[in-house]
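What follows is one structure encoded as structure tokens, with my remarks underneath.
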Amino acid sequence: MKSLLATLALTTALTLPSLALARPVTLTTTLTNYGGDGAYLALYVTDPSGAYAGSLWMAGGKSKYYEHLADWYRATAGDPAQINGITGASVGAGRSLEITLDLADALFDAGYTLHIDAAVEEMRDSPNEIAVPLTAAGAGQPVKGRRYIASFRYDM
Amino acid sequence: MRKPLSLLAASTALSAAIGFPGWSAEPTLMEPGLMEPGLMEPGVMAPGVMEPGVMAPGGTPVLAMPGTAAEADLLVLASGDDDDDDDDDDHHDDEDDEDECDDDDDGCGRRRPDPAPAGTVAPPANGLFGTGAPPQVKVN
């Protein structure tokens with residue numbers, strides 16, 4: 001009986017960390033009433049050295065407009081493989097985009113930064129409109145954008 | 001008497017042989033073939049360009065002698081569409097090019113394909129995502 005309990009404790013101890021490797025994180029982006037067409041938004045992450053680590057979401061499905069998301073485009077050359085399966089529609093002025101993603105725990109409190117580039121047709125591009133460090137303490141804290149994004153926050 | 005007459009005839013013939021082709025080759029504004037394209041088209045010419053005595057805007061005489069500064073002014077007046085804000089016949093700006101691509105995505109040369117929408121394929125294996133629930137999106 002003792003050995004059975006010990007085995008159970010051991011397997012539980014081994015299983016729990018693996019379950020905690022990722023967690024659902026909700027990213028909420030609210031746009032200003034800028035008075036234009038739907039905004040293209042690129043949400044992506046850079047590592048502690050500032051290098052592109054990967055994309056989290058692309059709002060806007062036409063690749064021909066991606067060059068206007070200047071920083072994201074420079075990092076990826078507009079490669080659609082970076083955003084396959086994480087691309088949705090562009091977001092209208094005044095609307096709020098809420099994305100829930102299963103994100104790796106390793107992204108938090110490890111020097112990673114979440115960036116958002118924004119662009120609107122026939123209006124000025126806004127690269128790196130949001131740049132927010134991913135930390136547990138920063139969760140739920142709204143961050144203001146420069147041009148098209150009224151506020152951004154992540155909750156977990 | 002015969003000698004001067006024959007000399008006169010010879011010099012006249014020589015003058016005609018040399019002078020007449022040269023005179024014919026002199027360009028004039030009245031020859032459409034020698035003008036810039038479109039000079040003879042209605043509406044392109046300066047008003048009254050073919051009418052003697054009419055002055056173009058700015059006081060330039062419209063019947064100018066070939067090779068003169070006045071002729072250069074006339075040509076500018078007749079052909080000059082230097083301003084950029086007119087017609088859209090031959091001009092293609094970037095937006096027009098993009099619009100052409102709207103109708104035929106396959107005909108846009110080397111443009112990258114559009115990405116696969118969320119829900120149709122798994123997110124990229126970039127190390128940022130867990131293996132749990134697929135992305136959920138909501139727009140309010």
Side-chain angles (χ1 to χ4, degrees), chain A residues 18-31 38 44-45 47 52-67 76-92 94-107 112 114 121-122 134, chain B residues 37-38 41 43-44 76-140:
Chain A
S18 67
L19 287 176
L21 283 175
R23 72 179 89 179
V25 177
T26 299
L27 313 173
T28 305
T29 310
T30 303
L31 301 189
Y44 58 100
V45 173
D47 68 14
Y52 171 80
S55 296
L56 295 179
W57 191 259
M58 173 64 77
K62 294 260 185 187
S63 62
K64 66 182 176 183
Y65 297 125
Y66 290 163
E67 62 188 329
T76 64
D79 182 8
Q82 296 289 326
I83 48 175
N84 279 335
I86 50 171
T87 297
S90 57
V91 184
R95 309 294 290 272
S96 183
L97 171 71
E98 193 177 295
I99 317 155
T100 302
L101 303 170
D102 194 43
L103 290 187
D105 273 352
L107 292 178
Y112 287 88
L114 189 152
E121 191 171 11
E122 293 181 358
L134 288 173
Chain B
E41 293 172 18
V44 175
V76 168
L77 279 174
S79 66
D81 255 357
D82 288 338
D83 45 299
D84 294 325
D85 59 348
D86 61 352
D87 39 50
D88 48 6
D89 42 2
D90 286 328
H91 298 287
H92 294 280
D93 58 23
D94 291 344
E95 287 179 10
D96 286 344
D97 292 341
E98 286 181 355
D99 289 341
E100 285 168 12
C101 289
D102 269 337
D103 299 327
D104 181 14
D105 283 349
D106 293 330
C108 293
R110 297 168 296 169
R111 207 181 75 209
R112 290 185 176 277
D114 294 338
T120 59
V121 298
N126 54 16
L128 307 182
F129 299 99
T131 54
Q136 305 291 317
V137 63
K138 194 166 66 176
V139 177
N140 299 315

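The sequence lines fix the lettering, A, B, ..., with proteins before strands; numbering per chain opens at 1.
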Quick one: of [options], who has the most non-hydrogen atom pairs under 4.5 Å with chain B?
options                    : value
A:Thr30, A:Thr29, A:Leu101 : A:Leu101
A:Ile83, A:Val91, A:Leu27  : A:Ile83
A:Ala104, A:Pro80, A:Ser96 : A:Ser96
A:Ala53, A:Gly54, A:Pro24  : A:Gly54
A:Gly92, A:Gly88, A:Ala77  : A:Ala77

Residues A:Gln82 and A:Tyr44: side-chain donor-acceptor under 3.5 angstrom | no
Under 4.5 Å between any side-chain heavy atoms of B:Phe129 and A:Asp102, yes or no?
->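 Side-chain contact under 4.5 Å: no.
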Are the side chains of A:Leu97 and A:Arg95 in touch, meaning some heavy atoms are under 4.5 Å apart?
->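 Not in contact.
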Toward chain B, the part of [X] with a non-hydrogen atom under 4.5 Å:
X        : value
A:Leu107 : side chain
A:Thr28  : neither
A:Tyr112 : neither

Between B:Asp114 and A:Ser63, is there a donor-acceptor pair closer than 3.5 Å when you use the side chain of the first and the backbone of the second?
->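 The answer is yes, because a donor-acceptor pair under 3.5 Å joins these two groups.
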Under 3.5 Å donor-acceptor, A:Ser55 side chain and A:Trp57 backbone = no
Please name all residues satisfying side-chain hydrogen bond (donor to acceptor under 3.5 Å, both in side chains) with A:Asp47, sequence neighbours left out, ordered by chain then number.
-> A:Ser49
Sequence neighbours left out, what pairs pass salt bridge (Lys or Arg N to Asp or Glu O under 4.0 Å) with at least one residue falling in residues 120-130 of chain B?
->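 Qualifying pairs, neighbours excluded: none.
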Who wins among B:Asn126, B:Asn140, B:Thr120, B:Val121 for the most heavy-atom pairs under 4.5 Å with chain A?
->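 Ranked by heavy-atom pairs under 4.5 Å with chain A, first place is B:Asn140.
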